[in-house]
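Notes follow the structure.
Note that ligands are numbered from 1 as they come in the structure, with each ligand's atoms numbered from 1 the same way.
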Amino acid sequence: LEQMSSLFDRMNMVGSMAATVAHEIRNPLTTVRGYLQVLGRKEKYQNDKEKFTLMTEEIDRANSIIKEYLSLSREKLINLKICPLNHIIQSLFPLVQADAISSKVDVVLELSNISDLLLDENEIRQLLLNLSRNAIEAMTNGGKLTIRTFQQKTDIVLSISDQGTGIPSHILDKLGTPFITTKDTGTGLGLPICYQIAHRHNATIKIDTGHTGTTFFVYFNSETS
Ligand code: ADP
Ligand code: MG
């Protein structure tokens, strides 16, 4: 437990620092992006159109990394409302599917009749997206991504399963610590954000992983939430 709380302390520290730095970097990036768009339309740069597109895309990439950092910020207020988890999943389905299609991944929803929960809809969307992206990225040869909801005793469980490579054992006990990544362009922030979101919802995350795939379980207590 001590280890856990120091992990959250560390994450919160990273979060506060990140929020400050991210805000400071975002503004100049926005200015540069704006001028790139103006210049890119000029006659004399018409032969360099791809370069302008590339520069804008790179700025967008930087911005999305910053956005990930910002979601770790502790100052963010949680906005809990009673809502149906299944609806959030369904509304996110097209977005997840768009991600999945280019990776030859089929997305399957298996949603049970569950009671409503106290949730921050935006945070749950983020959690679903982060876990789904990891699942898709783990299936380098395609496969099936299954998102389930079901009741288990007093818990309502959300699970995201893939048929991917499994989580390498050398990082398994470090998961949730910021910046742990095995990907060339990974940020190592997706899971820390998920753990923080779960923590803020009084939910716990459990993992089942092996060479035939990985399942992330998120346990929401239906009695307290
Ligand atoms: P990132 O995706 O940017 O690398 P994350 O925090 O989302 O950062 O994930 C950290 C690491 O955990 C990943 O780099 C990967 O090695 C591992 N991981 C997470 N989810 C899965 C999964 N579903 N299957 C296999 N490995 C995973
Ligand atoms: Mg990720």
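Distance check, rounded to the nearest 0.5 Å: CG of L191 to CG of N134 gives 5.0 Å. Atom CG of L109 and atom CG of N86 lie 9.0 Å apart (nearest 0.5 Å). Taken to the nearest 0.5 Å, the CG atom of L127 stands 6.5 Å off from the CG atom of L158. To the nearest 0.5 Å, the span separating CG on D116 from NZ on K81 amounts to 13.5 Å.
Donor-acceptor pairing under 3.5 Å is lacking for the side chains of N122 and Q126.
Looking at L172, L175, I167, L145 and measuring to atom 12 (O) of ligand 1, the nearest heavy atom belongs to L175. The residue from G164, S132, G166 that puts a heavy atom closest to atom 25 (C) of ligand 1 is G166.
In this structure a side-chain-to-backbone donor-acceptor pair under 3.5 Å is missing from S112 to I114.
Excluding waters, the set of protein N/O/S atoms under 2.8 Å from the Mg ion (ligand 2) reads N134 OD1.
Under the 4.5 Å side-chain heavy-atom criterion for grouping Ile, Leu, Val, Met, Phe, Trp and Tyr, L95 is connected to V107 within one hydrophobic cluster. F217 and I197 fall into different hydrophobic clusters, defined by Ile, Leu, Val, Met, Phe, Trp and Tyr side-chain heavy atoms under 4.5 Å apart, directly or through other members. One hydrophobic cluster, built from ILVMFWY side chains closer than 4.5 Å, cannot hold both F150 and I147; they sit in different ones.
In terms of protein heavy-atom proximity, atom 4 (O) of ligand 1 is nearest to T181 OG1, 2.5 Å. Given atom 2 (O) of ligand 1, the protein heavy atom at minimum distance is K183 NZ, 2.7 Å. For atom 16 (O) of ligand 1, the nearest protein heavy atom (residue, atom name, distance) is T182 OG1, 2.4 Å. The single protein non-hydrogen atom nearest to atom 19 (C) of ligand 1 is N134 ND2, 3.6 Å, given as residue, atom name and distance. Remark: minimum distance from atom 3 (O) of ligand 1 to any protein heavy atom is reached at T187 N, 2.9 Å. Residue, atom and distance of the protein heavy atom nearest to atom 6 (O) of ligand 1 are L191 N, 2.8 Å. For atom 23 (N) of ligand 1, the nearest non-hydrogen atom of the protein is D162 OD2, 2.8 Å.
Of the candidates T204, L118, I124, V157, I124 is the only one forming a side chain to side chain contact (heavy atoms under 4.5 Å, CB included) with F220.
With sequence neighbours left out, the salt bridge (Lys or Arg N to Asp or Glu O under 4.0 Å) criterion links K49 to no other residue.
Under 4.0 Å from ligand 1, the heavy atoms of I171 that appear belong solely to its side chain. With a 4.0 Å cut-off on non-hydrogen atoms, I180 touches ligand 1 through its backbone and not its side chain.
Annotation for T149 and L111: closest pair OG1-CA, 3.3 Å, computed over non-hydrogen atoms. Taking each heavy atom of C83 and L119 in turn, the nearest pair found is SG-CB, 3.7 Å.
Counting the atoms of ligand 1 from 1 in the order shown, those under 4.0 Å from a heavy atom of G188 are 1 (P), 3 (O), 6 (O), 8 (O). In the vicinity of A138, heavy-atom distances shorter than 4.0 Å reach the ligand 1 atoms 22 (C), 24 (N), 25 (C).
Not a single heavy atom of N130 lies less than 4.0 angstrom from ligand 1. The closest approach between P192 and ligand 1 falls below 4.0 Å for a heavy atom of the residue.
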